[in-house]
Amino acid sequence: MTLKQRCQAGEAKLEQVSNALLDPRPEILDYCETELQELIALLEGEPGDPVAGAVLSDKSELLQFHHRIRLLALQVQNAMNLCQGWIQLDLSQGYTGEGRPAVPLSEPGASYEI
Amino acid sequence: MGLFANLTSSVKALNAFEQSLEVAQNNVSNASTAGFAKQLATLNALPFHPQTGLLGGVQAGAPQSTRDEYLEQAVRYQNGQLGNYTAQAQGLGGIEPIFDVTGQTGIIAALNSMFQSFSAWSANPDSAAARQDVLSKAQDLGSSFQQAASVLASVTGNVTNQIGSTVAQINDLAAQVQAYNIQHNQNGAADSGLDAHLHDTLETLNGLAGVTSRFESDGSVTLLLGGQTPLVIGNQRYALQSASFTPASPANPNAIPSIRIEDANGQDVTGHVVGGTLSGLLTVRNSVLPALQGDSQQAGALNLIAKKVADRVNQLLASGKDPAGNPGAPLFTYDSSSAANTARSLAIDPNITANTLAAFDPGPPQVANGIALALSRLGDSTAATDTIGGKSILNFLNGQTQIIGQQVASASSGETVAQRSLTQARAVRTQVCGVSLNEEAINVMELQRGYQAISKMITVINGLTETLINMVQ
């Protein structure tokens, strides 16, 4: 498989992963992980796959592939930031801005048991 | 336990469950309503003290919205990013053809053709056809600059109109939030339909401009443009407007003015526009376009190129002699009253003819084709008199083409990422709305772990690709 063919196949895989990530469910993320593992294997190539003889057109394919990876990295980074922010907010519930436990206000409508 | 107490307890329980059913029914009815977040019915336990007639049971509480403001904010932010990049991509899309990177059309093609005609003329300085071709190609270059200036002016007009209509939409949406505040004040209680409409409005509003929304303790919503300029406070609304702006004593008096956004008091609040379509439009209108066509303070790249080409060609021709032994006539003319007018007025001098073109350099030493030869090399010349910002004319033009290309690519990439991030944020919001807070936390943590694993793999792939790029010569 030539470097150009590997880049083209890789780019198609990146597109699949990027589209799949639009439906963020744990099982989908597992699927994406598997796809990316295959992509790493594809890039590493077989022992006989030529790299040294690659020409300038291969480099432009590689640069395009590199650009696509960076877009996917941004997409994932955004999703990570979103989750991170949510988790931080969730963990900070019940604490003041200074990290002290916030005393809950009494609720007059709360139930009692005798 | 008295019969009356028992009946009261049963009625309350029945009422509570009826209300739960209503909430569920409301969720089903509004499943596809924009901005709607599921409601949870709350059941409060009642005091149990048989001796005093308190028999426990349940009573319906106020329905709780599962809307998660953090995720709402994330969706609004991404919507703003998308609006910003989309507006930039559209604006730049109209400019890009002027600087055709292939060199087949536009100014680059016209300039190269003219230098080639100078070269052909230098090879055969007495040829009438070669002289005529020089005039023809110079005329094409003038038309090309005029056309480019006209396209830029047209894009400027379109973007200015879009800014006006975007500001009008922002004011309309702010009016809807103001109406929400008034209605909320009158009704005094949370209304899920009203709440859905409000959140839908806020999402649309953030697509147009970065607006901070604050939920006040009285239930009203305060809107601040860029977190600073009030748009809505309680029952009051403060309208924005767009206006043309030229600073006092401008360097280029006839240049196209910039556009600024003013608050209700006429104060300049352009700096508070930090996202959304309006931000993208203002970037194109006040930064990208002036850098090319000039404004009150700068000449603009297109005018700099037009002026340098026209001035240097005319100076070189004036230093030569035509076939009749007269000093060379100028080839180009342009309006010199404003540095921002050069490109739109560049044309060949109406008095020039093929016979008054001066190819002969009187020297010393005298060279029969000296001027024509110097003209053919003008595009690549790095002599201080021939350069713009230290670059040869063609290098400077190529640099502008690269800048536009990078801006287009950056806007396009930003649009792609923002679109996908928005879809993701909406999907996460849909997924976590409607479940308990503990379930939400578990879901989000699980997603976070998944994204981290993917991010690590992307880092590996990125490293592998960079290694491959370095290996390919």
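Numbers restart at 1 for each chain; the letters A, B, ... are given by sequence-line order, proteins then strands.
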* To do: Can you sort out the partners of A/E38 under side-chain hydrogen bond (donor to acceptor under 3.5 Å, both in side chains), two or more places apart, ordered by chain and number?
  => A/K13
* Test item: A/L43 and B/I461 side chains (from C-beta on) under 4.5 Å apart, heavy atoms -> yes
* Structure fact -> The interface call for B/L464 against chain A, heavy-atom contacts under 4.5 Å, is side chain
* With the threshold set at 4.0 Å, does a side-chain nitrogen-carboxylate oxygen contact exist between A/E61 and A/R6? -> no
* **Donor-acceptor side-chain pairing of B/E72 and B/H199 below 3.5 angstrom** => no
* Asked: What part of A/N81 lies closer than 4.5 angstrom to a heavy atom of chain B: side chain, backbone, both or neither?
  -> backbone
* Check whether any side-chain N or O of B/S455 sits under 3.5 Å from a backbone N or O of B/Y451 as a donor-acceptor pair, and report yes or no. => no
* If we only count heavy atoms from C-beta on, is the A/L21 to A/L29 side-chain gap below 4.5 Å? -> yes
* Top contributor to chain B interface from A/Q37, A/Q84, A/Q75, A/R70 [non-hydrogen pairs under 4.5 Å] -> A/Q75
* Name the region of A/L39, side chain, backbone, both or neither, that has any atom closer than 4.5 Å to a heavy atom of chain B. => side chain
* B/T222: what forms a side-chain hydrogen bond (donor to acceptor under 3.5 Å, both in side chains) with it, not counting sequence neighbours? -> B/E216
* Considering heavy atoms only, which positions within residues 417-424 of chain B lie below 4.5 Å of chain A? -> B/V417, B/R420, B/S421, B/T423, B/Q424
* Please name the pair of heavy atoms, one in B/A74 and one in A/L82, separated by the smallest distance, quoted to 0.1 Å. => CB-CD1, 2.9 Å
* So which of B/Q452, B/E446, B/Q448, B/K456 has the biggest tally of heavy-atom pairs under 4.5 Å with chain A? -> B/Q448
* To do: Identify the residues of residues 402-415 of chain B whose heavy atoms come closer than 4.5 Å to a heavy atom of chain A, ordered by number, or report 'none'.
  => B/S413
* Kindly give the heavy-atom pair with the smallest separation between A/L42 and A/A9, and that separation in Å. => CD2-CB, 3.8 Å
